[in-house]
There are 2 protein chains.
Amino acid sequence: MTGCCERTILVPSSLTMETRDLRARTLKVGLIARAAAVFRYDRIVIYRDPEEYDDSRFMREVLRYMDTPQYLRRLLIPRKEELRHVGILPPLRTPHHPLNSKSSALKVGEFRVGAVVESVGSDNGVWVEIGVDRPVPLVADKIKKYRPGQRLNVRIFSLDPLAAEPVDNKNIPLYWGYETEVVESLEDYLRAAKAYVVLTSRKGSVLTTDLLQEVGRLGKGDLAVVFGSPARGVDAFLSKENMERHCMINTIPHQGTETVRTEEAVFATLALINLVRLEE
Amino acid sequence: MTGCCERTILVPSSLTMETRDLRARTLKVGLIARAAAVFRYDRIVIYRDPEEYDDSRFMREVLRYMDTPQYLRRLLIPRKEELRHVGILPPLRTPHHPLNSKSSALKVGEFRVGAVVESVGSDNGVWVEIGVDRPVPLVADKIKKYRPGQRLNVRIFSLDPLAAEPVDNKNIPLYWGYETEVVESLEDYLRAAKAYVVLTSRKGSVLTTDLLQEVGRLGKGDLAVVFGSPARGVDAFLSKENMERHCMINTIPHQGTETVRTEEAVFATLALINLVRLEE
């Protein structure tokens, strides 16, 4: 999160419909997470595909697992049968996933994702696990609002004594991972969206450098990039009225294959948008 | 193959070094094949990484398996333990992978990948398996040069009687898959290459639309795009002299993750080049 604007990817709950193999499904969702992180997107929205297999629960779990720093996974993510192949997922290796370290190596001003491990105990304090050798006490105004198991971002406040303070996502000048959300209807979501919306579809306008530069200009603020399902293009999920409000682009013109998989289209499209967002 | 020019991707033999899981390795190689097909590349060259685990044999087998039409796999690809997870690979769905069909549905002029099933038999003829209900006789000048098990491209020559003629790759006006090759040294390969070479590296020049348009202009003919290994950038494989001859580009500037995986970089980079190749 760089403060100024939010970048969102929207994918259907039927993303994984083509394979029943749990490992392949896990890896497929993992690629969406990787794409979001590589291109610094702040939010992954899973919209419900009413006609196909709904895998949103599994997708959300894998996406949240991947966004959670390794040192907090045992604390924050319950063991589930569905997550048995997460070991083969590539790590994100983002700034919010530092390697475990010693508390003596911390620096004042350093940001960490933490989880409350003890709250309002005998010493009336809140302690936060941040991936160092011991939990760190929290310095905060309203200490009572924190409950054990809660995830929160902190900033190292002082070293001696070691203490951390809560910090808002918006005030962290680094890419800080993505949030995951499931929405019932793409139609309703886009109708309410304030972001500049790019619909990706084979039926869209062929992307040119001119068109891409326009996307870079118009998508400078909040940006939402929408991908269709393996079975149906984005147009199948939207009313004509909603379709006309947004630009629909074919980001892989002259494709050599009959179909392009969603995870492939995500990498291709975000790479193209990345080119022009940096120039604006 | 569109006749005019050849597009090549170069990846290291250490592509899969980060995972021992055979399914994950299979899928990783599968993504390279998918990228080649989606963006219509004619050749995948695996160059030897002398310092890391050499997986070129496995990579070549998976790549060749994927490029072989389904109806020829049993005939052309021996069963191997290493290929036990190929079932989870996505199909290419390219024009050279038609679904099996009836011979009565064939059209004169149609192209097919075939395999010789019988050669210079009692009838002195050559028969080719092309994925229809029965092998088709071949019409060719020098019938003796064909041996059973040989792969060859054919064109339907006549329907009654049904016959096919051999055809050169270059004369097929459709994307016709890729060839796979293993080379000992990237340095030597690039020194001899006549293609316009793009080296991709985090250390390269930040890609801009101007630079991308230049790549499109200079890479209009033969084009070779080189990717580094998970452990080392392309510069580690090349002499200073060779490096200076080619342009080195960072196609994913401002990446949110510490590393970008080769298969991710391949999709991103080929999508960017695809944008400008079409405009020239």
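Note that this is a predicted model, so its numbers are computed, not measured. Proteins get letters first, then strands, A, B, ... in listed order; numbering begins at 1 in each.
For the atom pair CZ of B:Arg93 and CZ of A:Arg261, the computed distance is 9.0 Å after rounding to the nearest 0.5 Å. Taking CD of A:Glu263 as the start and CD of B:Glu263 as the end, the distance is 11.5 Å to the nearest 0.5 Å. With rounding to the nearest 0.5 Å, the separation of CZ in B:Arg23 from CD1 in A:Ile88 is 8.0 Å.
Interface residue A:Thr94: backbone and side-chain heavy atoms are both found under 4.5 Å from chain B. For B:Leu272, the parts lying near chain A are the backbone and the side chain together; criterion is any non-hydrogen pair under 4.5 Å. Within the 4.5 angstrom heavy-atom criterion, atoms from both the backbone and the side chain of B:Thr259 approach chain A.
At distances below 3.5 Å, at least one donor-acceptor pair connects side-chain atoms of A:Asn274 with backbone N or O atoms of B:Pro253. No side-chain donor-acceptor contact under 3.5 Å links B:Arg40 to the backbone of A:Gln255.
Nearest heavy-atom pair, B:Thr209 versus A:Gln213, reported as atom, atom and distance to 0.1 Å: OG1-NE2, 3.1 Å. Shown here for A:Ala271 and B:Ala268, the closest heavy-atom pair between the two residues is CB-CB, 3.4 Å.
Residue-environment remark: CD (B:Gln70) stays at or below the threshold of 12 foreign heavy atoms within 6.0 Å.
With contacts defined as side-chain heavy-atom distances shorter than 4.5 Å, the pair B:Leu31/A:Leu31 qualifies. For the pair A:Tyr175/B:Thr257, no side-chain contact is recorded, criterion being any heavy-atom separation below 4.5 Å from C-beta on.
Note: B:Ile252 leads B:Leu270, B:Thr269, B:Ile252, B:Thr19 in heavy-atom pairs under 4.5 Å with chain A.
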